[in-house]
Amino acid sequence: MSFCDLLTGLPNRAAFIDHFHVSLEKAKKEAACLALLILDLDGFGEVNERFGREAGDELLRIAAERLRLSISERDFLSRLEGDAFAVILTESASRADMLAEKIIANLNVSFHLGEGKDFRIGASVGIARYPENGLEQDRLLTVADCAMYEAKTGGGNRSVRGRVRGHGHAGRGILFDDCYLTGIQEVDMQHRKLVDLVNELIGAVGTGKRDAAIRIYEKLAAETEHHFSTEEALMKGAGYGRSDAHFREHRFLMDELRHLKGRIIEGGEIQVLQLLTDWLVTHILNADKPMGDFLRDKRASGTSPDFA
Ligand SMILES: [Fe+2]
Ligand SMILES: [Fe+2]
């Protein structure tokens with residue numbers, strides 16, 4: 001498996017998951033702290049629309065370089081996907097707030113993307129801390145993602161600290177928080193169903209029931225396919241401008257889902273669960289929630305066909 005993002009030269013999502021796991025285990029052993037920053041560029045979609053894909057890629061390369069210069073060499077920076085990045089701070093986790101501010105300031109400087117192509121973006125940063133926000137990787141990722149989304153919906157260009165939560169459910173599946181709601185009833189019901197299935201799968205894997213796990217996995221794949229077609233119909237019906245990228249992401253996730261079934265059969269369940277929870281949460285927060293915002297606006301203005 002490759003651990004490098006070809007566009008920016010940064011470690012990719014797989015490397016991030018790997019490093020996060022190792023860092024967290026180390027922090028537990030040494031009773032140390034750890035902080036996770038998830039950041040998403042504000043206004044990035046507009047670069048591609050105005051100046052084309054190449055300019056968008058150039059912006060990502062420059063942003064990655066600025067991020068690299070913002071962190072210390074003990075921090076671990078990676079590109080998760082698209083315009084989303086993550087930083088793991090394993091020492092002096094208390095630096096997290098300061099680092100978030102520094103990152104935002106460095107990204108706020110205008111990007112020169114070629115002749116007459118100057119562009120400004122912002123950044124929304126979510127911060128999760130171990131052990132305050134959770135003890136397990138999934139939980140910390142969820143907290144950071146939710147905080148990032150809160151920063152974005154609060155107007156962007158800011159950082160938000162994850163809310164302190166109890167540890168009762170840490171690592172025992174996904175808790176369907178309010179922050180996952182898109183406001184589109186049909187979509188939210190299907191998301192809840194997918195989350196339930198992932199949690200069921202976690203239960204089956206945890207108790208070593210591999211046959212049951214495979215059955216649940218197959219059901220999850222079928223439900224996901226159905227869910228994607230529901231969302232795609234809603235997006236088409238409402239003329240959603242970002243539907244191409246969203247459809248592509250769906251196709252990518254479906255391909256991966258099919259591919260991962262082999263891994264479950266080979267005994268790689270834990271890694272599969274990690275990827276599944278990670279995608280589900282990331283896709284809902286980064287792609288489905290903005291879609292939900294658009295669909296709700298359309299419905300409010302009475303220019304969209306009826307939907308649930
Ligand atoms: Fe969805
Ligand atoms: Fe989606």
Side-chain angles (χ1 to χ4, degrees), residues 13 38 40-42 44-46 48-49 79-84 124 126 138 141-150 152-153 173-202 216-261 272-299 304-308:
R13 172 179 284 274
I38 300 271
D40 194 84
L41 305 181
D42 302 328
F44 175 72
E46 210 189 315
N48 284 334
E49 278 162 31
R79 179 179 176 221
L80 297 180
E81 65 191 341
D83 57 348
S124 297
D138 296 352
L141 268 168
T142 305
V143 170
D145 265 331
C146 288
M148 185 276 288
Y149 194 74
E150 210 179 312
K152 205 170 260 303
T153 49
I174 308 173
L175 185 73
F176 196 85
D177 264 29
D178 283 355
C179 87
Y180 294 133
L181 294 173
T182 63
I184 307 299
Q185 202 187 4
E186 194 176 353
V187 171
D188 289 333
M189 273 165 52
Q190 292 182 352
H191 282 164
R192 203 178 282 275
K193 196 166 185 181
L194 296 180
V195 166
D196 285 348
L197 281 169
V198 170
N199 288 340
E200 240 182 85
L201 188 59
I202 291 173
I216 298 166
Y217 192 86
E218 279 166 351
K219 195 167 171 203
L220 178 67
E223 288 292 343
T224 304
E225 194 160 19
H226 170 66
H227 168 63
F228 286 168
S229 49
T230 305
E231 281 189 2
E232 288 171 15
L234 289 172
M235 285 185 262
K236 273 185 199 151
Y240 183 46
R242 290 163 72 183
S243 61
D244 281 357
H246 200 134
F247 288 11
R248 268 201 303 279
E249 204 172 308
H250 282 175
R251 273 195 295 279
F252 171 77
L253 295 179
M254 268 326 292
D255 281 352
E256 288 284 286
L257 260 180
R258 288 186 197 104
H259 168 76
L260 283 177
K261 189 182 165 193
V272 171
L273 288 177
Q274 185 64 63
L275 283 167
L276 278 178
T277 47
D278 202 24
W279 288 340
L280 199 58
V281 166
T282 309
H283 181 76
I284 293 175
L285 291 173
N286 294 340
D288 292 345
K289 286 200 67 148
M291 170 198 72
D293 293 345
F294 177 86
L295 294 175
R296 282 199 322 280
D297 283 352
K298 273 264 173 177
R299 180 166 56 176
S304 172
D306 278 349
F307 52 80

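As a basis for the values below, the full set of heavy atoms in this structure was taken, side chains included, without hydrogen atoms, waters or symmetry mates. Just so you know, ligand 1 is whichever comes first in the structure, and atom 1 is the first atom listed for that ligand.
Listing protein N, O or S atoms at distances below 2.8 Å from the Fe ion (ligand 2), with waters left out, gives Glu231 OE1, His246 NE2, His250 NE2, His283 NE2, Asp288 OD1.
Within the structure, salt bridge (charged side-chain N to carboxylate O under 4.0 Å, His left out) pairs that include any residue of residues 249-260 comprise Glu225-Arg258, Asp255-Arg258 (at least two apart or interchain).
Ser243 is linked by a side-chain hydrogen bond (donor to acceptor under 3.5 Å, both in side chains) to nothing, counting only residues two or more places apart in sequence or in another chain. Considering only residues two or more places apart in sequence or on other chains, Thr230 meets the side-chain hydrogen bond (donor to acceptor under 3.5 Å, both in side chains) condition with Gln190.
In His191, the N, O or S atom that comes nearest to the Fe ion (ligand 1) is NE2.
Remark: the His283 side chain and the Glu81 side chain contain no N/O donor-acceptor pair separated by less than 3.5 Å. With 3.5 Å as the limit, one finds a donor-acceptor pair spanning the side chains of Ser124 and Asp42.
Side-chain contact between Asp288 and His227 is present, with heavy atoms from C-beta onward closer than 4.5 Å.
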